[in-house]
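In this text the structure is predicted, and so the values were computed from the model without any measurement.
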Amino acid sequence: MKTIKIFAFVLLAGLVSAFTYKNMDAAAGYKVGDIATDFSLKNIDNKKVSLKDFKDAKGYIVIFTCNHCPYAQAYEDRIVALDKKYKKQGYPVIAINPNNPEKQKDDSFDLMKVRAKEKGFTFPYLLDEGQKIYPQYGATKTPHVYILQKTSKGNQVKYIGAIDDNYGDEKAVKQKYVENAVDALLKNKEVAVKETKAIGCSIKA
């Protein structure tokens, strides 16, 4: 009986530690207030792009997105609109495809070029080759947004989450999370809603 109790305790301890490990793993990535490191990723024009290339930027709207995901597709026009509105104000969109093309062939580099041309992307569309950048950020969905602000310490994360509160119907949107956050930063104000749940397809690594 004593042996059974000991075994049960060891089993329970193992389950708890496994659960804790998974939670820690899921919690990996940047939090609001963290400083994001720069990256150098290949753009659809075959040139490498880094955040430091945007000398006049006040910050960045970094969006992990892709070709195939219906959620990402639903937001493409809105992402183009965000770039057109905020790039000239110092917050350009930087789109990154985090998916492994071997797992999702529709997200290959060649098809990224095709998609960008079809949709009239006005921003860099970068490939996270080897899937090294999205885990640093902690992105889990496409689309998943990280708004960064240039500070004396570096590029500080100011917002993480969704673009707005209605992916399916742009006309029914009530909360424009990204626009509200960038507008606040442009006015040197605190971002009211700093984090929301990203709604989209899981990243295919």
TODO: Determine whether Ile203 and Leu126 fall in the same hydrophobic cluster, where Ile, Leu, Val, Met, Phe, Trp and Tyr are linked whenever their side-chain heavy atoms lie under 4.5 Å apart.
DONE: yes

TODO: Please answer: with hydrophobic residues joined when any side-chain heavy atoms are less than 4.5 Å apart, are Ile199 and Tyr137 in the same cluster?
DONE: no

Open item on the list: Rounded at 0.5 Å granularity, tell me how far CD in Gln131 sits from CD1 in Ile133.
Closed with: 10.5 Å

Task: Main-chain N/O of Asp53 paired with Ser50 side-chain donor or acceptor, under 3.5 Å - done: no

- [ ] State whether Tyr91 and Lys58 meet the cation-pi test: NZ (Lys) or CZ (Arg) under 6.0 Å from the six-membered ring centroid, and within 45° of the perpendicular axis.
- [x] no

Open item on the list: Val193 vs Asn180, test: side-chain contact (heavy atoms from CB on, under 4.5 Å). Steps then yes/no.
Closed with: CA-CA 8 Å; Val193 178; Asn180 292 342; over 6 Å; no

Task: Salt-bridge contact Lys204-Asp107 (side-chain N to carboxylate O under 4.0 Å) - done: no

Task: Exercise: do Thr122 and Asp83 side chains pair donor with acceptor under 3.5 Å - done: yes

Task: Under-2.5 Å SG separation for cysteines Cys69, Cys201 - done: yes

TODO: Measure across Val173 and Arg78 and return the closest heavy-atom pair with its distance rounded to 0.1 Å.
DONE: CG2-NH1, 3.8 Å

Open item on the list: Main chain of Lys85, side chain of Lys88: is a donor-acceptor contact present, judged purely on distance under 3.5 Å?
Closed with: no

Task: N/O donor-acceptor pair under 3.5 Å between Tyr146 side chain and Gly161 backbone - done: no

Task: Ring centers of Tyr134, Phe64 separated by less than 6.0 Å - done: no

Open item on the list: Within this structure, what is the CD-NE2 distance for the pair Gln104 and His68, rounded to the nearest 0.5 Å?
Closed with: 4.0 Å

Open item on the list: Checking side chain to side chain donor-acceptor pair (under 3.5 Å) between Tyr125 and each of Asn67, Thr65, Asn97, which is the one that passes?
Closed with: Asn67

Open item on the list: Checking the side chain of Asn155 only, and the main-chain atoms of Gln149 only, is there a donor and an acceptor separated by less than 3.5 Å?
Closed with: no

- [ ] Would you name the heavy atoms of Ser40 and Lys48 that are closest together and state the gap between them?
- [x] OG-CB, 3.6 Å

- [ ] Any chance you could measure Ile61, atom CD1, to Leu185, atom CG, to the nearest 0.5 Å?
- [x] 9.5 Å

Task: CG on Asp128 to CD on Gln136, rounded to 0.5 Å - done: 8.5 Å

TODO: Starting at CG of Asp34, measure out to CD1 of Ile160 and round the result to the nearest 0.5 Å.
DONE: 7.5 Å

Task: Pairing of Arg115 and Glu76 as salt bridge, 4.0 angstrom limit - done: yes

Task: Where Lys31 and Val157 come nearest, the two heavy atoms and their spacing - done: O-CB, 3.7 Å

Open item on the list: For Lys119 versus Asp77, what's the shortest heavy-atom pair and its separation?
Closed with: NZ-OD1, 3.4 Å

Open item on the list: Closer than 3.5 angstrom, by distance alone: can the side chain of Gln156 be matched with the main-chain N or O of Gly33 as a donor-acceptor pair?
Closed with: yes

Open item on the list: Using 0.5 Å steps for rounding, measure from the CE atom of Met112 to the CD1 atom of Ile96.
Closed with: 9.5 Å

Open item on the list: Parallel, tilted or perpendicular, judged at 30° and 60°: which one describes the rings of Tyr177 and Tyr159?
Closed with: parallel

Open item on the list: For Tyr86 and Asp183, which I'm curious about, is there any donor-acceptor pair between the side chains at under 3.5 Å?
Closed with: yes

Open item on the list: For a quick check under 3.5 Å, do Tyr30 and Thr37 share a side-chain donor-acceptor pair by atom type?
Closed with: yes

Open item on the list: To check you understand the geometry: which heavy-atom pair defines the closest contact between Val32 and Lys194, and what is its length?
Closed with: CG2-O, 3.5 Å

Open item on the list: Does Phe54 form a side-chain contact (heavy atoms from CB on, under 4.5 Å) with Val49? I'd like the steps, not just the answer.
Closed with: CA-CA 9 Å; Phe54 299 80; Val49 170; 3.9 Å; yes

Task: Side chains of Lys87 and Gln89, donor plus acceptor under 3.5 Å - done: no

TODO: Answer with yes or no whether the hydrophobic clustering places Val62 together with Ile163; edges join I, L, V, M, F, W, Y residues whose side-chain heavy atoms lie under 4.5 Å apart.
DONE: no

- [ ] For the pair Asn43 (side chain) and Asn46 (backbone), establish whether a donor and an acceptor sit closer than 3.5 Å, ignoring hydrogens and angles.
- [x] no

Open item on the list: Quick check against the 3.5 Å criterion: does Lys174 have a side-chain atom that pairs as donor or acceptor with the backbone of Asp165?
Closed with: no

Open item on the list: Assess whether a salt bridge exists between Asp45 and Lys113, defined as any Lys/Arg side-chain N lying under 4.0 Å from an Asp/Glu carboxylate O.
Closed with: no

- [ ] Kindly give the heavy-atom pair with the smallest separation between Ala72 and Cys66, and that separation in Å.
- [x] CB-O, 3.6 Å

TODO: Say whether Ile79 and Tyr167 are linked into one hydrophobic cluster, either directly or through other cluster members, by side-chain heavy-atom distances under 4.5 angstrom.
DONE: yes

Open item on the list: Starting from Leu41, can I reach Phe109 by hopping between I/L/V/M/F/W/Y residues whose side chains sit under 4.5 Å apart?
Closed with: no

Open item on the list: With a 3.5 Å distance limit and no angle check, can you tell me whether Tyr60 reaches the backbone of Ile147 through a side-chain donor-acceptor pair?
Closed with: no

